[in-house]
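The first residue of the sequence shown is numbered 1, and numbering continues consecutively from there. Quick caveat: nothing in here was measured; it's all calculated off a predicted structure.
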Amino acid sequence: ERFDEEFSYKIFTGRNVTPQLIEEIMEVDGIIDCEIKDYKIVWTDLDLKPGLWAGSTEDEDFSIEEIEIWRHYTYAVICRTGEMNENFRTGAFTILEGRNLTEEDSFSAVISEYLAETNQLAVGDKIRIETKRGLYEPSDVPEETLGVPIEMEVVGIFSVNFEQEPSFLTPENCYADNLLFVDQETGKQIRKNQEFLGLSPEAYNE
């Protein structure tokens with residue numbers, strides 16, 4: 001637990017899962033495959049399915065600059081192979097156009113049908129994510145970009161095969177339509193941008 005003058009927060013300090021540890025685990029008899037389950041909060045230049053932050057207004061707790069940042073935040077789901085992700089394995093999501101992520105991908109993304117239609121995107125188009133300071137800690141410059149912006153190519157578009165009732169209490173990152181599935185190389189750059197949180201680009205800690 002870390003303390004500041006006005007707030008406190010917790011960071012993970014346990015053992016990280018590294019590629020070397022994954023190799024050791026894969027040598028255990030009976031294990032035939034593995035998948036990363038790593039969700040990172042990111043800011044995106046996309047217009048997301050509106051939720052809690054879309055209906056928020058400036059008050060004593062949040063400035064308009066902070067609210068604008070949170071209106072564009074979602075999860076980047078880092079995948080080794082997209083087909084092994086639980087959402088695709090269970091049939092909750094299905095690839096509609098293009099393909100899913102593979103181990104060979106570098107700076108690639110799979111996005112929802114909703115995001116594709118709302119932002120007029122197709123397979124082959126580019127999208128961008130960034131690490132904005134305001135998503136992680138109180139700041140006078142919440143829109144500051146930490147590290148480098150990450151540009152990715154859309155390689156696939158998925159459909160959400162269930163109904164998720166909209167609510168003004170649901171934050172944008174909790175909508176399935178707003179999830180971004182990204183490859184391992186993208187994940188490494190996200191973690192590098194977030195090194196100030198104690199993350200290692202070469203390790204998984206969630």
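Arg80 pairs by the side-chain hydrogen bond (donor to acceptor under 3.5 Å, both in side chains) definition with Asp33, Glu103, not counting sequence neighbours. For Glu1, the side-chain contact (heavy atoms from CB on, under 4.5 Å) criterion is met by Phe3, Ser8, Lys10, not counting sequence neighbours. Applying the salt bridge (charged side-chain N to carboxylate O under 4.0 Å, His left out) rule to Asp183 yields no partners; only residues at least two apart in sequence or on another chain are considered. Judged as a side-chain hydrogen bond (donor to acceptor under 3.5 Å, both in side chains), and not counting sequence neighbours, Glu185 has no contacts. Residues satisfying the salt bridge (charged side-chain N to carboxylate O under 4.0 Å, His left out) test with Glu151, not counting sequence neighbours, are none. Shown here are the side-chain hydrogen bond (donor to acceptor under 3.5 Å, both in side chains) partners of Asp177, two or more places apart in sequence or in another chain: Lys49. In this structure Glu117 satisfies the side-chain hydrogen bond (donor to acceptor under 3.5 Å, both in side chains) test with no other residue, sequence neighbours excluded. Residues satisfying the salt bridge (charged side-chain N to carboxylate O under 4.0 Å, His left out) test with Asp45, not counting sequence neighbours, are Arg128.
Grouping Ile, Leu, Val, Met, Phe, Trp and Tyr by side-chain contacts under 4.5 Å, direct or through others, puts Leu169 with Phe168.
At a threshold of 4.0 Å, the pair Glu68-Arg71 counts as salt-bridged, since one of the basic side-chain nitrogens sits closer than that to a carboxylate oxygen.
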Compile the donor-acceptor pairs under 3.5 Å between side chains in residues 159-166 and protein atoms, sequence neighbours left out, one pair per line.
residue, atom, partner, partner atom, Å
Ser159, OG, Thr94, O, 3.4
Ser159, OG, Asn161, OD1, 3.1
Asn161, ND2, Gly91, O, 2.9
Asn161, ND2, Thr94, OG1, 2.6
Gln164, OE1, Ala176, N, 2.9
Gln164, NE2, Cys174, O, 2.8

Only distances under 3.5 Å count here; give the side-chain donor-acceptor pairs of residues 140-150 to other protein atoms, sequence neighbours excluded, each with its distance to 0.1 Å.
residue, atom, partner, partner atom, Å
Glu144, OE1, Arg133, NE, 2.8
Thr145, OG1, Glu130, OE1, 2.5
Thr145, OG1, Lys132, NZ, 3.0

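Residue Leu21 is grouped with residue Ile31 when hydrophobic side chains (ILVMFWY) are merged at heavy-atom distances under 4.5 angstrom, including chains of intermediate members.
The shortest distance between side-chain heavy atoms of Asn100 and Thr81 does not fall below 4.5 Å. You'll find the side chain of Asn87 reaches within 4.5 Å of the side chain of Phe181, heavy atoms only.
Sorted by first and then second residue, the pairs that involve residues 110-144 and meet ring-ring contact (aromatic ring centres under 6.0 Å, His included), not counting sequence neighbours, are Tyr136-Phe196.
A donor-acceptor pair under 3.5 Å is formed between the side chain of Thr74 and the backbone N or O of Asn178. Side chain of Glu97 to backbone of Ala122: no donor-acceptor contact under 3.5 angstrom is found.
Between Phe62 and Trp70, a ring centre-to-centre spacing not shorter than 6.0 Å is recorded.
Of the candidates Ile129, Leu46, Asp47, Val42, His72 forms a side-chain contact (heavy atoms from CB on, under 4.5 Å) with just one, namely Asp47.
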